[in-house]
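These notes concern the structure reproduced below.
Positions are given from 1 along the sequence. These figures come from a predicted structure and were not determined experimentally.
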Amino acid sequence: GTSGAQQYAGQVKYNHSKNSLNFYTNGSGTIRLALDSSGNATFSGSVTATNTILNTGYTTVSTILRGGDGNSKNLVFQKTTGSAQQAKISAVGDDLRFTTGATTERMRIDSSGNVGIGTTSPTARLDVRSPNGGVHSRGQLYLTNTDSHAINQGSQISLGGTYSGTGDTYLGSIAARKENATSGDY
């Protein structure tokens, strides 16, 4: 319409005091998109574009998700059909959480830099927890080597530390290697 509230259903206004260009929709008086003098874009409300592309002429680009201090900031992945959440990356407090499906947290990086897989309270730099899957299970950590079936090929975990200066000191390793070059014979 061209009269009453309908005449203001969509607006573009320039705010001189904030030096920003503001876009409004649906006569709500709520800014839906604001472009500031530096070219930064701020969206409010629900952004449902099929593709959102941010192009800048800068080599460093930041996308910032802001919310209240007690709220989580979420990057949610969904299919274009339906609204079921497939995965989510959340910043909650000082933790970064990775979720699959609707609610299952799979990994967390806490405020001290500890990484937890299968735990929400990691107690070491890498804390992996899960039940043992049985006799023929690959356990909680599985390493594999994709090199050819040659003698001395396999996987290894090396252990070390910093004991003098800033260099790493190799202490030892746990290794599993083939004893021969026959395929399927270990």
Side-chain angles (χ1 to χ4, degrees), residues 43 47 49-186:
F43 295 92
V47 179
T50 303
N51 294 304
T52 303
I53 300 171
L54 303 175
N55 288 321
T56 70
Y58 302 101
T59 56
T60 302
V61 178
S62 296
T63 301
I64 299 172
L65 301 174
R66 287 192 176 138
D69 289 339
N71 297 329
S72 63
K73 289 61 139 183
N74 302 305
L75 180 58
V76 178
F77 299 88
Q78 292 178 330
K79 292 181 181 179
T80 55
T81 57
S83 61
Q85 172 182 304
Q86 292 178 285
K88 176 173 67 173
I89 301 171
S90 303
V92 181
D94 292 330
D95 294 351
L96 188 60
R97 301 176 186 179
F98 298 82
T99 304
T100 60
T103 60
T104 306
E105 182 177 322
R106 301 295 183 178
M107 184 174 78
R108 176 182 298 206
I109 303 172
D110 71 12
S111 60
S112 64
N114 291 343
V115 176
I117 299 173
T119 178
T120 59
S121 302
T123 58
R125 280 292 173 221
L126 178 59
D127 188 342
V128 180
R129 298 183 194 189
S130 70
N132 192 350
V135 176
H136 298 290
S137 167
R138 296 189 192 263
Q140 289 79 18
L141 180 63
Y142 178 68
L143 304 175
T144 187
N145 183 332
T146 59
D147 286 338
S148 65
H149 303 287
I151 295 174
N152 288 326
Q153 292 297 319
S155 294
Q156 174 174 317
I157 298 172
S158 296
L159 307 171
T162 303
Y163 294 98
S164 61
T166 58
D168 287 338
T169 301
Y170 172 78
L171 298 175
S173 64
I174 300 169
R177 303 192 189 285
K178 280 183 60 58
E179 295 180 354
N180 60 54
T182 306
S183 178
D185 185 2
Y186 308 106

Open item on the list: Please give me the minimum heavy-atom distance between Arg108 and Thr119, naming the atom from each residue.
Closed with: CB-O, 4.5 Å
- [ ] Considering only NZ, NE, NH1 and NH2 on the basic side and carboxylate oxygens on the acidic side, decide whether Asp127 and Arg129 come within less than 4.0 Å.
- [x] yes
Open item on the list: In the structure I gave you, are the side-chain heavy atoms of Leu96 and Ile89 within less than 4.5 Å of one another anywhere?
Closed with: yes
Open item on the list: Side chains of Ser173 and Ile157, heavy atoms from C-beta outward: is any pair under 4.5 Å?
Closed with: no
Task: Where Thr123 and Asn114 come nearest, the two heavy atoms and their spacing - done: C-ND2, 4.0 Å
- [ ] Compare every heavy atom of Ile117 with every heavy atom of Leu126, then report the nearest pair and how far apart it is.
- [x] CD1-CD1, 4.3 Å
Open item on the list: Could you measure the distance from the CD atom of Glu105 to the NZ atom of Lys88? Nearest 0.5 Å is fine.
Closed with: 9.5 Å
Task: Note, Gln156 side chain near Arg177 side chain (heavy atom, < 4.5 Å) - done: yes
